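Keep in mind it's a predicted model, so treat the numbers as computed, not measured. The basis for the numbers below is simple: all heavy atoms, side chains too, and nothing from hydrogens, waters or symmetry mates. A note on names: the letters A, B, ... follow the listed sequences, proteins ahead of strands, and every chain is numbered from 1.
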Amino acid sequence: MHTHFPIMISPDQPNFKTHFAELLRLAASKVASSDLAAPIELTRTKQASHGDYACNLAMQLAKPLRKNPRDIAALLIEAIPASPYLEKVEIAGAGFINLFLKTSAKQQFLFYVLQSGSEFGHSSVGKGKKVQVEFVSANPTGPLHVGHGRGAAYGASLANILTAVGFTVEREFYINDAGRQMDILTLSTWLRYLALHDITVPFPTNAYQGEYVRDMARLIQAAHGVRYVHQPNQLLQDLPLMSQEGVIDTEEQLNKLIANTKTILGQDYAYIHNFVLTEQLGDCRNDLMEFGVVFDHWFSEQSLFDNGMVAQAIQLLEQKNYLYQQDGAIWFRSTDFGDEKDRVVQRENGQFTYFASDIAYHLNKFERGFEQIIDVWGADHHGYIPRVKGAIQALELDPKKLEIALVQFAVLYRNGNKVPMSTRSGEFVTLRELRQEVGNDAARFFYVLRKSDQHLDFDLDLAKSQSNENPVYYIQYAHARVSSVLTQWDEDVAILSNANTEMLTDLVELALLQKLIDFHDIVETAAKEFAPHLIAFYLRELASDFHSYYNATRFLVPEIPVRNARLALITSVQQVLRNGLELLGVSAPEKM
RNA sequence: GUGCCCGUAGCUCAAUCGGAUAGAGCACCAGCCUUCUAAGCUGGGGGUUACAGGUUCGAUCCCUGUCGGGCACGCCA
């Protein structure tokens, strides 16, 4: 194919915005002899009368140059080099410089979209740098619920976007398989197993209540019969007093039960512990896979203990003099790094805290050579940030490499009421249930339809009753409509690369073309700001522009040049819709 | 009580890190299918950006205070 961009600065990735910014930079270097510290910022205009791109440079220069912004703008415009893509430049308002992109440049841009295909929107600004996105990382103590779903959708979309702009991305799931919660789940399962053999012990109210615990007990029974059955008298030994007869509800009681269970089961405890872990992890993995969320690496917290890495990390802090002993425990001086208080890394009983293994985990991440480490956390962990960043600084690692993306929890509403959610009580709506109710596509899209640090009100009744009015269908419908037109046209799409796009002069058509041009910037901004929702909003706007076009214009007209030009346009729109949906993990159906 | 986040149309949310007349969707009202998919389109009403000050050419955005909401403040994970 012959090139349509004779003097484009970057023929591989025609980017008019950066091109114009470069022109203005050249102009500014002539006008303001002193060097400019700030980069030139161009924004897309909201109104067509303001051109395609606007720049506020003149207003920013007003103070240092001690001149009227409009006068500066005039000087800048005078100094702008000629460009084959620049139609005209105007001064407006308080001193805005409005740049108009040549219509021919917009028209020819279509060839670039068609040629790039599924690669359109991708770039190489990431330069192949190694980035890790760690997300979900839910305790494997029960099914994923709708809160996890948001982290999953966000992290997966973010990873896709970072990949699209040229980073080498690793998706990691951190398995909390070392803590007390796993012991509680093991105990819960064993108690349900005993109940299957008519040995009833009061089931602690603060143990895991969910039906899936009984399911696991049945699996163990089916595989091993009575092998793990023991009489309960030893189990209740030395149990702290019950507040009411037959009710176990304190943490001390739970701890004693766990300790007794370990004694009674001996070697067998590890089997049940391992069984429930494998079972829950497998369930979690399948659930996420069905949701289109796949991880490159599953990292076990337990492995940090097994390999001695936790002890090593703590020793390292000790060597650097950031630890001290008090009340029998070992503390890390996180207050040296702005934390509210110092934090325990090793308890009085000799056990390391979760924080200790997290220090080792992050040290390990740095040792793996990532240039950027992104932790996606639930917003309830925000207080945890200073101590982790503090530990990283204490280890003399670069805290700027670690970025914490906080995702607010999704709050579920049913019949206008908040749905209570607690994993242990078993009262929660699972991600699976949600996916079955509204579908994977709608769920993936709905989750990223708002900024991640905003609370998400998820109205189940609305999602269910209005599933056909979900915005995702609006976008998918636009995609399917194009497919339908192309099917009826019934010719090879390849010939559209010879279309005469100068036929596209209608205002709606030019607006659509400009929208396609915007896609690159949207993806890059989404990557820079960790903001997948920008893609979702962009796609809705693009679909909206398309639907209007569809209703106002007939594509399959007898005049072949007009027809092919319009088909080239809508084929390009379809391509961008598909590429954008792909980033969000949403399917792009040919038919609806 | 202390710290962090938030407060934008009736509802759910945007607003390209300080820019031009604050935008969408849902809901509501009035129209559009004999022609490429009506899961669509066109038009309409809807706002003192919680409140009060401050900073400057210019504030939803930055600063201070007040009110209201969420979260976190364990030798839990």
K.L.:
Can you see if the side chain of Y474(A) gets near the phosphate of C41(B) - specifically, an N or O under 4.0 Å from OP1 or OP2?
P.N.:
yes
K.L.:
Among the candidates U16(B), A77(B), C4(B), find the nucleotide nearest to the side-chain atoms of H382(A).
P.N.:
C4(B)
K.L.:
Please work out whether C5(B) sits syn or anti, treating a glycosidic angle within 90° of 0 as syn.
P.N.:
anti
K.L.:
So, using side chain to side chain contact (heavy atoms under 4.5 Å, CB included) as the criterion, who are the partners of A62(A) when residues are at least two apart?
P.N.:
P69(A), I72(A)
K.L.:
With distance as the sole criterion, do the side chain of N98(A) and the base of A20(B) form a donor-acceptor contact below 3.5 Å?
P.N.:
yes
K.L.:
Look at the side-chain N and O atoms of K341(A) and state whether any lies under 4.0 Å from the OP1 or OP2 oxygen of C75(B).
P.N.:
yes
K.L.:
Look at K46(A) and A20(B) and indicate whether a side-chain polar atom (N or O) is within less than 4.0 Å of OP1 or OP2.
P.N.:
yes
K.L.:
Please tell me if R347(A) has a side-chain N or O lying less than 4.0 Å from either OP1 or OP2 of A77(B).
P.N.:
yes
K.L.:
Taking OP1 and OP2 of G25(B), is either one under 4.0 Å from a side-chain nitrogen or oxygen of H547(A)?
P.N.:
no
K.L.:
At under 4.0 Å, does any side-chain N or O of Y354(A) touch on OP1 or OP2 of A77(B)?
P.N.:
no
K.L.:
Under 4.0 Å between a side-chain N/O of K451(A) and OP1 or OP2 of A15(B), yes or no?
P.N.:
yes
K.L.:
Can you run through RNA chain B from 5' to 3' and write each base as (, ), [, ], | or . depending on how it pairs? Watson-Crick or G-U wobble, both distances under 3.5 Å.
P.N.:
(((((((..((((.....[...)))).(((((.......))))).....(((((..]....))))))))))))....
K.L.:
Using a cut-off of 4.0 Å on non-hydrogen atoms, how would the nucleic acid contact of D521(A) be classed: base, sugar-phosphate, or nothing?
P.N.:
nothing
